[in-house]
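Numbered from 1 within each chain, the chains take letters A, B, ... in sequence-line order. Every heavy atom of this structure was used, including side-chain atoms; hydrogens, water molecules and symmetry mates were not.
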There are 2 protein chains.
Amino acid sequence: MITHGSRRKKSNGEIIALACKIETHHLNQYPIIHAGFLEIASPQIPESIKQCIDDRATSIVLLPYFLNSGRHVIEDTPAFINETQKNFPNVPITVTSHIGGSTEMINLLIKTVNDVKDID
Amino acid sequence: MITHGSRRKKSNGEIIALACKIETHHLNQYPIIHAGFLEIASPQIPESIKQCIDDRATSIVLLPYFLNSGRHVIEDTPAFINETQKNFPNVPITVTSHIGGSTEMINLLIKTVNDVKDID
């Protein structure tokens, strides 16, 4: 799970917490989860990929936690993958859609609004 | 649906497209949808709220399309609501969780990863 990184520590903590939550609730399906930041915060993306490999991951899926298909998604992420893949040719690295481009995002938006309407 | 706004036109277009998609697919449930931007892009948030009211909305739900609970979510959004609510006291405005704070976000993350794993 990779994202931008913020000067605001609490925002970075939210990302780490979300990664931990996936690890806790989906341990059988995805036993090794690490969050990586593009800039400002640590661990940075190459380091988080290295952590997965140190934890004996045999394949890695990168999930770009970005809302838009900006430069970080279309340029920086593939560049990170290519660079890292050279160092670890035996661990295939694939990448998902950025989260904002997920086909299910529309359902999350509707559910989020419904949650408020239910409380009203 | 409110978000930051980007210098990259395509990113802003993605937000408008998502709002249109909600309007098309959930017309009965939410007949009036407008996207509003905090800065850089148009329409800006107060204008998008005004558009809802011009379209005869009787209540408004604001959905902050942000991943983190940063300043834009915890300070700017309530300030916009308070300011706008003064001008339109008869149209109640409520606000949802920011999208990154939705309880369902974890499921979207898992589904997004599963989609890639299914293709492999």
Side-chain angles (χ1 to χ4, degrees), chain A residues 1 3-15 17-26 29-30 33 59-74 92 94-117 119-120, chain B residues 1 3-15 17-26 29-30 33 59-74 92 94-117 119-120:
Chain A
M1 181 173 170
T3 191
H4 190 277
S6 169
R7 281 182 295 274
R8 188 171 166 270
K9 279 189 184 172
K10 197 182 164 207
S11 291
N12 300 325
E14 287 171 2
I15 305 303
L18 203 49
C20 286
K21 209 169 166 183
I22 300 174
E23 199 166 31
T24 307
H25 291 280
H26 298 270
Q29 205 177 358
Y30 301 109
I33 310 270
S59 68
I60 295 175
V61 179
L62 243 63
L63 194 164
Y65 193 59
F66 291 90
L67 289 177
N68 295 313
S69 68
R71 185 169 50 84
H72 299 319
V73 168
I74 58 175
T94 50
V95 63
T96 71
S97 154
H98 63 290
I99 198 72
S102 170
T103 53
E104 296 285 336
M105 179 52 92
I106 192 168
N107 296 326
L108 177 60
L109 291 166
I110 294 294
K111 275 183 191 161
T112 305
V113 175
N114 285 347
D115 281 351
V116 162
K117 299 293 281 185
I119 294 166
D120 283 353
Chain B
M1 182 172 169
T3 192
H4 189 278
S6 169
R7 280 182 296 273
R8 190 171 165 270
K9 278 189 186 171
K10 196 182 164 207
S11 292
N12 300 326
E14 287 170 3
I15 304 303
L18 203 49
C20 286
K21 210 169 168 183
I22 300 174
E23 199 167 31
T24 307
H25 292 280
H26 298 270
Q29 205 176 357
Y30 301 110
I33 309 271
S59 68
I60 294 175
V61 179
L62 242 63
L63 194 164
Y65 194 59
F66 291 91
L67 289 177
N68 295 311
S69 67
R71 184 168 50 83
H72 300 317
V73 169
I74 58 176
T94 51
V95 62
T96 71
S97 154
H98 62 291
I99 198 73
S102 169
T103 53
E104 296 285 336
M105 179 53 91
I106 191 167
N107 295 326
L108 177 61
L109 291 166
I110 294 294
K111 275 182 191 162
T112 306
V113 175
N114 285 347
D115 280 351
V116 162
K117 299 293 280 185
I119 294 165
D120 282 354

Run the side chain to side chain donor-acceptor pair (under 3.5 Å) test against Thr96(A) and tell me which residues pass, sequence neighbours left out. none
Whatever's closer than 4.5 Å to a heavy atom in chain A on Phe66(B) counts as backbone
Applying side chain to side chain contact (heavy atoms under 4.5 Å, CB included), can you list everything that pairs with Ser6(B), at least two apart in sequence or on another chain? Arg8(B), Ser11(B), Asn12(B)
Please name the pair of heavy atoms, one in Tyr30(B) and one in Ile110(A), separated by the smallest distance, quoted to 0.1 Å. CD1-CD1, 4.0 Å
Side chain / backbone / both / neither for Lys21(B) at chain A, heavy atoms under 4.5 Å: both
Which portion of Leu109(B) sits near chain A, non-hydrogen atoms under 4.5 angstrom: both
Check step by step if side-chain contact (heavy atoms from CB on, under 4.5 Å) holds for Asn114(A) and Gln29(B). CA-CA 10 Å; Asn114(A) 285 347; Gln29(B) 205 176 357; 3.0 Å; yes
Just grab all the salt bridge (charged side-chain N to carboxylate O under 4.0 Å, His left out) pairs involving residues 64-74 of chain B, residues at least two apart or on different chains. Arg71(B)-Asp76(B)
Within residues 101-108 of chain A, residues adjacent to chain B where the heavy-atom gap is under 4.5 Å: Ser102(A), Thr103(A), Glu104(A), Met105(A), Ile106(A), Leu108(A)
Check whether Ile33(B) gets within reach of chain A through its side chain, its backbone, both or neither, counting any heavy atom under 4.5 Å. neither
Residue, of Leu63(A), Asn68(A), Ile15(A), Leu18(A), that accumulates the most heavy atom pairs under 4.5 Å with chain B: Asn68(A)
